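Working notes, beginning with the structure itself.
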Amino acid sequence: MSDNVVPLFEETTSAPERPPVLVAAAVATPVAQKPPVPLWVRSGRAIRTAVTHEHTKTAVRAVARNGLYVVGGTRIVARRTWDGRTASRYERLLRAAEAAGNMEAAAEWEERGQRFRQERHRRRMDLLTAPVDAAKGALVGTGMGIGALVALGVVLAIANKDVTDVVTPLMAVIEFIRLLITIVTIVWGSLVTIGPFLALLGLWAVGRHQQAAPQWALPANARNGEGEPITPSIVVLALRNLGIAPLRNAIKEMGDAGASMLGPIRIAGCGVEVDVTLPSGVSTNEVQNRRRKLAENLARHEHEVFITIPQAARTVRLWIADSGALDEPIGPSPLTTDQEMTANYKTGRAPWGQDLRGDAAAPSLYQRHLLITGLSNQGKTAALRALALWLALDRSVEFRIADLKGAGDWAMFDGLATVLIQGPTDDHVIQATEMVESGVSEMERRLQAPPGTVFPPLVLLVDEAQVAFMCPLQDEEKRPYGGSKATSRYFMATRKIHNQGRAVNVTLWQGTQDPTDQNLPKLVREGAHTRASLALGTESQARMALGDKAVDGGAAPNLLRPGLDKGTLVVASDGIEIPAGQASITVRTHYIDTETAAQITARAKAMRDGVTTLHVIERGEDRDPLADIATVIGNAPRLLTQDVLQRLATLNEDAYGAWTHADLKRVLEGTGAEPYKSDGRMVVGRERIARALTNRDTDGSASAAR
């Protein structure tokens with residue numbers, strides 16, 4: 001091979017001989033191509049695309065819908081005709097009344113059916129003699145008519161002096177009859193041709209008006225039904241399709257008369273209300289357990305349908321909201337719009353919100369312990385605070401508040417409450433426990449007062465009470481602060497107040513999260529007169545929050561929507577107006593923000609002489625009684641001796657819990673600040689105490705508490 005020739009392949013002597021690899025092979029080899037798609041495959045894909053296209057589906061639905069309108073219209077017209085010709089309507093109404101247990105209505109429908117049969121028999125008997133009577137009438141009428149026409153012709157012939165005019169009227173009538181026959185002959189052919197089409201059009205119109213077609217064939221707006229007004233037929237169909245066999249069979253036997261199960265549909269706030277008497281064999285809880293399906297059958301969301309049990313036997317009460325109405329705000333609280341509003345603990349009612357009917361929901365707080373529970377961040381504190389803000393406008397009410405969350409939700413009560421503890425720590429739980437225990441001491445003192453003594457209201461309020469119940473600490477005597485044992489300090493204090501506090505106007509309000517037996521013991525939750533719950537996770541929690549009676553009666557806070565139904569409470573209480581027969585009521589509370597709450601408490605503070613708020617209950621140290629008395633009096637010009645003792649006990653239970661009027665008099669004797677009478681009652685003056693502090697010995701030898 002010459003040197004200037006470039007080889008197309010290489011030769012090697014070291015490797016085994018193998019076929020040469022051409023450099024140009026890559027260029028020469030053609031690229032592999034997919035085999036062509038057969039025509040029948042492409043045709044099948046095109047057909048499938050055309051068949052599944054949305055326009056095709058719409059066209060098929062339209063054709064099916066209009067055809068089924070005719071079928072449904074025919075069925076409806078035939079049913080109406082049959083009802084009009086027979087006694088089947090009365091039979092259905094009779095069966096419906098019997099199924100509902102209304103024997104009076106059943107007897108009335110039976111009587112009406114019997115009258116209908118008698119009238120029908122009379123009409124049929126009249127038809128047997130009708131041809132003979134008609135023939136006789138026709139002969140008589142024809143004879144009289146011909147005679148009248150001949151007489152008219154005679155008169156006409158005499159007048160015209162022409163004898164042929166005698167038959168002129170008769171011939172005119174015959175000509176008119178011939179003309180009518182001609183017209184009918186011409187028109188009849190057209191009527192025979194277009195009559196069936198007119199009949200089909202009429203049947204189609206009836207079917208379209210009644211939507212007599214399957215749901216899949218109806219237009220999208222008709223299938224949705226969003227916002228449809230609630231009518232008896234809609235309610236009956238919704239009940240029939242619940243999947244309860246005895247109910248479905250009973251309604252089928254009743255036919256269209258299934259509406260006889262329904263009471264009147266009444267407008268109730270932002271929705272309607274109707275009572276449904278269930279047929280025999282159907283229990284109320286079967287309907288309650290299918291709330292979601294019932295709501296969807298009514299074209300509503302689950303939270304827009306509420307099922308309660310009224311007093312009547314075998315009856316459920318349905319409240320059905322207008323679509324989207326529950327997602328709209330209810331408006332501001334009267335506390336924010338009426339700057340002159342005041343409160344009355346004994347006779348007044350707190351403007352809390354609105355019920356589902358749109359009526360004002362206003363509970364009475366008089367001598368009622370209160371418990372509000374629910375999941376976190378659902379508006380529990382706001383609902384509890386709204387009641388306290390109203391009651392603060394009664395200057396006679398004293399508040400002692402422990403906020404075991406400590407986020408400042410109750411900070412506006414500084415200067416209004418005599419005790420305000422804010423914080424989530426164990427030390428704050430200890431202080432809250434001692435605050436409740438001081439309330440127990442005050443309750444016991446009041447219980448030992450002479451009969452007829454009137455006591456000012458004292459409200460002990462603990463927010464996030466589950467923190468106290470779950471506190472693991474023990475005191476020096478190994479008694480736990482939390483828990484639900486007989487040695488638990490917080491538990492026993494709440495139980496004592498629940499047992500006897502209301503008799504002397506000492507009440508306990510508690511707010512807690514996510515109720516369980518661990519963070520809300522059974523005896524404590526059952527001791528509350530007013531029990532309210534926001535959204536909860538399970539039915540068992542709902543039973544803990546409201547009790548079995550309320551839940552069995554239809555209360556379902558576990559069906560509220562967390563995050564969406566904030567501030568919506570299910571309330572069980574004798575202090576709020578609840579419709580007869582129901583065990584609970586759903587309340588949408590007014591929301592009062594923190595800034596507005598501060599403005600309301602400012603009005604409440606202006607109504608009082610001045611309140612010194614204790615933020616820490618001090619314990620276990622030597623006390624200066626004179627200085628402590630000055631502290632508890634605060635800015636008030638004078639304070640009743642009884643109130644001084646009460647506030648001293650709140651300030652330090654160990655030092656002052658056992659003090660009596662004699663102890664107070666002993667400490668103040670000789671200081672120039674002794675108690676004196678004002679308006680017939682013993683008081684301690686602020687200026688006298690301040691002067692005694694200024695003039696006392698500079699060596700600080702104030703008597704220690706003994």
Side-chain angles (χ1 to χ4, degrees), residues 343-348 364-370 391 394-400 417-419 434-461 492-509 527 529 575 607-609 611-612 614 617 625 628-629 631-634 636-669 671 673-686 688-689 705-706:
N344 188 301
Y345 170 72
K346 185 174 182 179
T347 61
S364 170
L365 304 177
Y366 178 63
Q367 293 185 347
R368 288 179 174 87
H369 304 303
L370 176 66
L391 193 57
D394 183 342
R395 59 179 298 173
S396 67
V397 179
E398 177 188 353
F399 287 95
R400 300 181 189 179
T418 54
V419 175
E434 293 179 348
M435 180 194 80
V436 178
E437 289 175 338
S438 70
V440 173
S441 300
E442 172 61 16
M443 174 193 73
E444 292 172 345
R445 183 194 66 79
R446 293 183 178 189
L447 289 170
Q448 299 176 42
T453 305
V454 179
F455 301 102
L458 171 61
V459 176
L460 305 169
L461 194 155
M492 291 306 298
T494 58
R495 287 295 301 137
K496 289 178 180 179
I497 293 177
H498 279 171
N499 288 339
Q500 297 176 298
R502 63 180 300 274
V504 288
N505 286 338
V506 177
T507 55
L508 176 64
W509 296 5
H529 302 100
M607 299 170 60
R608 304 171 188 242
D609 295 331
V611 176
T612 300
L614 305 178
I617 300 177
D628 286 343
I629 292 172
T631 299
V632 299
I633 291 177
R638 65 189 63 85
L639 198 65
L640 294 174
T641 54
Q642 185 56 56
D643 291 341
V644 172
L645 291 172
Q646 177 182 327
R647 295 188 180 187
L648 286 173
T650 302
L651 179 65
N652 192 300
E653 177 68 21
D654 295 336
Y656 303 113
W659 267 34
T660 64
H661 290 276
D663 296 314
L664 181 63
K665 181 178 180 182
R666 172 179 52 78
V667 169
L668 296 180
E669 189 174 2
T671 64
E674 294 85 353
Y676 63 95
K677 277 192 176 182
S678 176
D679 295 330
R681 303 185 69 180
M682 298 300 294
V683 299
V684 177
R686 181 188 63 187
R688 296 187 180 188
I689 293 294
R706 293 183 287 272

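We number each residue from 1, following the sequence as shown. Remember, predicted model here, so these are calculated numbers, not experimental data.
Between L648 atom CG and T631 atom OG1 the span is 9.0 Å, to the nearest 0.5 Å. Between the OG1 atom in T418 and the CD atom in Q646 there is a gap of 7.0 Å [rounded to 0.5 Å]. Taken to the nearest 0.5 Å, the CG atom of L447 stands 5.5 Å off from the CE atom of M443. Remark: T507 OG1 to L461 CG distance equals 9.0 Å, nearest 0.5 Å. Once rounded to the nearest 0.5 Å, the distance linking CD1 of I497 with CD of E444 reads 9.5 Å. From D643, atom CG reaches atom CD of E442 across 8.5 Å, with rounding to the nearest 0.5 Å.
Ring geometry for H529 against H369 counts as parallel: the plane angle stays under 30°, on a 0 to 90° scale with 60° as the upper cut.
With no hydrogens or angles considered, a side-chain donor-acceptor pair links R400 and S438 at under 3.5 Å. R445 and Q642 are linked by a side-chain donor-acceptor pair at a separation below 3.5 angstrom, with hydrogens and angles left out of the test.
The closest donor-acceptor contact from the side chain of D663 to the backbone of T660 lies under 3.5 Å. Here the side chain of Y345 pairs a donor or acceptor atom with the backbone of Q367 at under 3.5 angstrom. The closest donor-acceptor contact from the side chain of R666 to the backbone of L664 lies at 3.5 Å or more, if one exists at all.
Between A673 and I689, the shortest heavy-atom contact is CB-CD1, 3.5 Å. A417 and V611 make their closest contact through O-CG1, 3.8 Å (heavy atoms, listed as atom of the first residue, atom of the second, distance). Y676 and G685 get closest at one heavy-atom pair: CE2-N, 3.7 Å. Between D394 and R608, the shortest heavy-atom distance links the atoms O-NH2, 3.0 Å. Here the closest heavy-atom approach between residue G439 and residue L460 is recorded as CA-CD1, 3.8 Å. Smallest separation of non-hydrogen atoms from A493 and E437: CB-CG, 4.0 Å.
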CA sep, side-chain torsions, deciding dist, call: L639, V684, side-chain contact (heavy atoms from CB on, under 4.5 Å)
CA-CA 5 Å; L639 198 65; V684 177; 5.5 Å; no
Y656 vs V632, test: side-chain contact (heavy atoms from CB on, under 4.5 Å). Steps then yes/no.
CA-CA 12 Å; Y656 303 113; V632 299; over 6 Å; no
Determine, step by step, whether Y366 and T347 satisfy the side-chain contact (heavy atoms from CB on, under 4.5 Å) criterion, reporting the C-alpha distance in whole Å, the side-chain angles of both residues, the deciding distance to 0.1 Å, and the verdict.
CA-CA 8 Å; Y366 178 63; T347 61; over 6 Å; no
side-chain contact (heavy atoms from CB on, under 4.5 Å) between T494 and L508: does it pass, once the steps are laid out?
CA-CA 7 Å; T494 58; L508 176 64; 3.6 Å; yes
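By the side-chain hydrogen bond (donor to acceptor under 3.5 Å, both in side chains) test, R638 pairs with no residue at all, sequence neighbours left out.
With contacts defined as side-chain heavy-atom distances shorter than 4.5 Å, the pair R647/L614 does not qualify. You'll find the side chain of R446 reaches within 4.5 Å of the side chain of P456, heavy atoms only.
A salt bridge does not link E669 to K665: none of the charged nitrogens lies less than 4.0 Å from a carboxylate oxygen.
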